[in-house]
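Below: the structure, in structure tokens.
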Amino acid sequence: MVWEPSNQLEAERLEKLQHLRSAGIDPYPNRVKRTHTTAEAVAAFETVEAAGGAVTVTVCGRIVRRNIKGKVSFMHIEDGAGRLQLFVRVDSIGEAMYTLVKEKAIELGDFVQATGTMMRTKTGEVSVNVGELVVLAKALSPLPVIKQQTLDDGTVKQYGEFSDPEERYRQRYADLAVNPDVREIFRIRARTLAALRRFLDDEGFLEVETPILQPIYGGAAARPFVTHHNQLHQDLYLRISFELYLKRLMVGMYDGVYEIGRDFRNEGVSRKHNPEFTQLEFYKAYIDYYEVMDLAERLVSSAAERVTGSTRIAYQGHEIDFAPPWRRVTLRDITLEHTGVDYMAHPDAEGLRAALRAKGRHAADGATWGRLVNDMLDYAEPHMMQPHIVIDYPRDISPLAKVKPDDSQLVERFEFFIGGLEIGNAFTEINDPLDQEQRFIDMGRLYAAGDEDAHPIDEDYLRAMRYGMPPNGGFGMGVDRLVMLFADLPNIREALLFPHLREAGDAGE
RNA sequence: GGGCGCGUAGCUCAAUUGGCAGAGCAGUGGCCUUUUAAGCCAUUGGUUGAAGGUUCGAGUCCUUCCGCGCUCACCA
């Protein structure tokens, strides 16, 4: 025996397992003979019930409720399709098997297979009148027990819960097993991904996959995770964005590409940040950021409608309307609105910092002017519940975006915010290789000034651009945050099946 | 990384000023051939996150550590 029970409940279950074996029952058989899901069994019965027809089914599932009586018992099993009651009578399944049920050798959490004819109990519940009961999988650890009471008005009152966030995330399998609401979140997530793909496919984009392990990271402002290829003696980085690879494909004559995949950022964890997260990026040739705005509105609103059935959703007590057009506002106006400071009136870092502090706003020491401007957005972000497109960002924090023709300090970039969350970022992409190289160099200088490691310059990306890159608009979006909106989740961890947690520690030594 | 809060039975939670560690569900033993939060009777289960300290006495107070939550910071 490798595993040792850690408490009385597990010890008892282990004894029951051995009891089943000694009764000649394989608690983990290889073969299953399911003929109907629980939902199919109910539907099959209901179609023939009026005519007095009989339906025999074999259904499988986990025991989620038991009511054991002296000679007749009721159990509910649950499978992926729903719940179904088993009506188990000693006369029908025999003394020996009934005793196993009664002695709880077969109990909550176990998987079973039941064969019998469909019937209605005295109280009207569609059930299986079980003639044969087979153990499919014995559960050795007890799941939390949750009971539900259906009230007269049809609402379901719940007794007992499995709600400790740490345990729910660490043992997501148990969370999913007992909390159907959590299962639903990840159906919403799957539908979201499908809806996004469908929109982009219909728009003629090509779905591609680019390297996750990259010799040079780029395309975003973030610290990377570093790893190493042993045989090649090469350090590699887990990507922080897809951007530079996808734009190489613009050079390669695809008119539109997109990728949905994982990015990794070696930064703080928060309600809105997980070290690995799902990003959607697309690039389309021959469009600018105004056309990307239109695409963003249609992409997100169509996904909302496909996933939730409506472009209006409830999020954390607010009603959000995804229907285009979204409010479009300049970064200058929205930050002025929420900080009382007009950054255009303070064109250098020192002056802007002083102005912000005079208003009681946070202004980081040593931050560049662009950085201070970007930080001003933090005051506006929580207020942007309805979709907002914030346009025209400072050049020095946007090294991949094209400068506005009429203002060399601003670039053609927008971010959009929904539900108080930053959801996406987009711009008219630089396609002038010499401009791009200079921007990289300028950025490296800023980094050096800020005592940060210089961001590596991706020479191969510049080489690609020198072959000629069509004008194009690019777009990036945090898919997990979109799922937060669609599933009404306050926390990104709820939108991730297995969110990052610190290693489960014991005592400090 | 900083601040604040939390950690008690398998799950969800109590425990007065520092004074016998408890409840419900689950489990165990009974009764029960149409229950559905089934019910009734009896009952088991604890290194109170870990290690130290103060005290006659610590779940409670102090220190350190671990983990989680909120928040701030970090985040071209």
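- Nucleic acid contact class of A/Lys147 (heavy atoms, under 4.0 Å, all strands): sugar-phosphate only.
- The distance from atom CD of A/Glu103 to atom C1' of B/G30 is 13 Å, rounded to the nearest whole Å.
- Partner of A/Leu84 under the side chain to side chain contact (heavy atoms under 4.5 Å, CB included) criterion, out of A/Met118, A/His76, A/Glu78, A/Glu125: A/Met118 alone.
- Comparing B/U43 with B/C61, their C1' atoms are spaced 37 Å from each other, to the whole Å.
- A/Lys104 comes within contact range of the sugar-phosphate backbone alone, with a heavy-atom separation under 4.0 Å but no base atom that close.
- The shortest non-hydrogen separation linking A/Met385 to A/Pro382 is SD-O, 3.9 Å.
- The residue from A/Lys404, A/Lys402, A/Arg332 that alone fulfils the salt bridge (Lys or Arg N to Asp or Glu O under 4.0 Å) condition with A/Asp392 is A/Lys404.
- Within the 4.0 Å cut-off from OP1 or OP2 of B/U28, at least one side-chain nitrogen or oxygen of A/Lys16 is found.
- Here the P atom of nucleotide B/A73 and the NZ atom of A/Lys272 are 11 Å apart, to the nearest Å.
- Taking the side chain of A/Met119 as heavy atoms from C-beta on, and the options B/U34, B/C11, B/C74, the nearest nucleotide is B/U34.
- Residue contacts shown for A/Ile68 include a base, since a base heavy atom lies under 4.0 Å away.
- Under 4.0 Å is where a charged nitrogen must lie from a carboxylate oxygen, and between A/Glu95 and A/Lys102 no such pair does.
- If you take CD1 on A/Ile492 and OG1 on A/Thr278, they are separated by 8.5 Å, rounding to the nearest 0.5 Å.
- Among the atoms of the strands shown, none is found under 4.0 Å from any heavy atom of A/Asn129.
- If you check every strand for non-hydrogen atoms under 4.0 Å, A/Glu125 touches a base.
- In terms of phosphate contacts, A/Arg13 brings no side-chain nitrogen or oxygen within less than 4.0 Å of OP1 or OP2 of B/G10.
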Review item, nucleotides 44-48 of chain B N/O atoms under 3.5 Å of protein N/O:
unit_1: B/U44; atom_1: O2; unit_2: A/Gln8; atom_2: OE1; d: 3.2
unit_1: B/U44; atom_1: O2; unit_2: A/Gln8; atom_2: NE2; d: 2.9
unit_1: B/G45; atom_1: O4'; unit_2: A/Gln8; atom_2: OE1; d: 2.8

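- Annotation for A/Thr339 and A/Met376: closest pair OG1-CE, 3.4 Å, computed over non-hydrogen atoms.
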Shorter than 3.5 Å, N or O on both sides, protein versus nucleotides 12-15 of chain B: list them out with atom names.
unit_1: B/U12; atom_1: OP1; unit_2: A/Ser163; atom_2: N; d: 3.2
unit_1: B/U12; atom_1: OP1; unit_2: A/Asp164; atom_2: N; d: 3.0

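- A/Arg89 has its CZ atom 9 Å from the P atom of B/U34, to the nearest Å.
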